[in-house]
Amino acid sequence: MQDLHGKVLISRQRIAERVAQLGQQITKDYAGRELLVVGILKGASIFMCDLIRAIDLPLQIDFMAVSSYGASTVSSGAVRILKDLDQSCKGKDVLIVEDIVDTGLTLQYLTEALMARGVRSLEVCCLLDKPSRRKSTVAPLYIGFTIPDAFIVGYGLDYAEKYRNLPDICQLPTEG
Ligand code: IMP
Ligand code: MG
């Protein structure tokens, strides 16, 4: 196992149950429509793979990558598109899948950018919400878990690109 002595905040069983519920809710809400599910790399990759298999609708997937934290745990506030969509999102029902909404600055930038491209509708599904540090007004419609202000890793989330493969969501021990 990796040298992480953090505590498990959300177990793999709880994640699986919640992902199934989110998938059912999205399936209901978008009945009769066709979704373009946009995963935000790399953090949302594992959540995305599980979530789309819990959605019983015709859908397409695409990915975007944006810069946010670099190798630090402190938000730079700067957002840059590193990888854009492969296909046009014009006129489509778009669902952004994000790992965690912290300050919300990444999401605000992304939603504004996609809205400007003329999507038919745009909603956000995030695995984790850390509302205590919000610096924007964006509010995801679908939220897996609301968590306190702690730095967490696992199930796709990293610290300096490590720990993404932990099956549970864990709290990173504070240094010193
Ligand atoms: P925001 O722009 O401050 O909302 O930052 C969102 C991005 O920061 C997420 O997509 C994550 O990549 C990263 N992030 C924020 N909090 C955490 C955390 O606790 N663990 C790992 N990554 C985080
Ligand atoms: Mg991310």
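Note that this is a predicted model, so its numbers are computed, not measured. Order of appearance sets the numbers: ligands from 1, and atoms from 1 within every ligand.
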Undergrad: If we only consider heavy atoms of Asp158, is any one of them less than 4.0 Å away from an atom in ligand 1?
TA: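 Under 4.0 Å: yes for Asp158.
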
Undergrad: Take Leu128 and Leu157, measure what side-chain contact (heavy atoms from CB on, under 4.5 Å) needs, and give me the verdict at the end.
TA: CA-CA 10 Å; Leu128 300 164; Leu157 288 110; 3.9 Å; yes

Undergrad: With nothing but distance in play, are any N or O atoms of Gly104 less than 3.5 Å from an N or O of ligand 1?
TA: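 Yes: some nitrogen or oxygen of Gly104 is under 3.5 Å from one in ligand 1.
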
Undergrad: Salt bridge or not for Arg117 and Asp84, using N-O below 4.0 Å?
TA: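 So Arg117 pairs with Asp84 through a salt bridge.
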
Undergrad: Any idea which of Glu98, Lys130, Gln108 brings a heavy atom closest to atom 16 (N) of ligand 1?
TA: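 That would be Lys130.
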
Undergrad: For ligand 1, is there an atom lying under 4.0 Å from some heavy atom of Ile152?
TA: yes

Undergrad: Look at ligand 1 and say whether Leu107 reaches it with a heavy atom at a distance under 4.0 Å.
TA: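 Leu107: no contact with ligand 1 (<4.0 Å).
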
Undergrad: At a non-hydrogen distance cut-off of under 4.0 Å, which region of Asp102 contacts ligand 1 (side chain, backbone, both, or neither)?
TA: both

Undergrad: Would you say that more than 12 heavy atoms from the other residues, nucleotides or ligands in this model lie under 6.0 Å from the NZ of Lys83, or not?
TA: yes

Undergrad: One thing to verify: whether Asp129 and Arg134 come together as a salt bridge, which I'm taking to mean a side-chain N less than 4.0 angstrom from a carboxylate O.
TA: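 Salt bridge: yes.
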
Undergrad: Within the 4.0 Å heavy-atom shell around Ala150, which atoms of ligand 1 are there?
TA: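 Near Ala150, meaning under 4.0 Å from one of its heavy atoms, ligand 1 has 19 (O).
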
Undergrad: Mind checking the CG-CG spacing from Asp93 to Leu59? Nearest 0.5 Å is all I need.
TA: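 Asp93 CG to Leu59 CG: 12.0 Å, rounded to 0.5 Å.
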
Undergrad: By the definition side-chain contact (heavy atoms from CB on, under 4.5 Å), identify the one residue from Leu114, Ile81, Val138 that meets it with Tyr109.
TA: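 That would be Ile81.
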
Undergrad: Could you list the atoms of ligand 1 found under 4.0 angstrom from a heavy atom of Leu157?
TA: 20 (N), 21 (C), 22 (N)

Undergrad: Parallel, tilted or perpendicular for Tyr159 and Phe151, by the 30°/60° rule?
TA: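 Tyr159 vs Phe151 ring planes: perpendicular.
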
Undergrad: Under 4.0 Å from any heavy atom of Thr106, which atoms of ligand 1 are there?
TA: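 Listed by number with element, the hits are 1 (P), 2 (O), 5 (O), 6 (C).
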
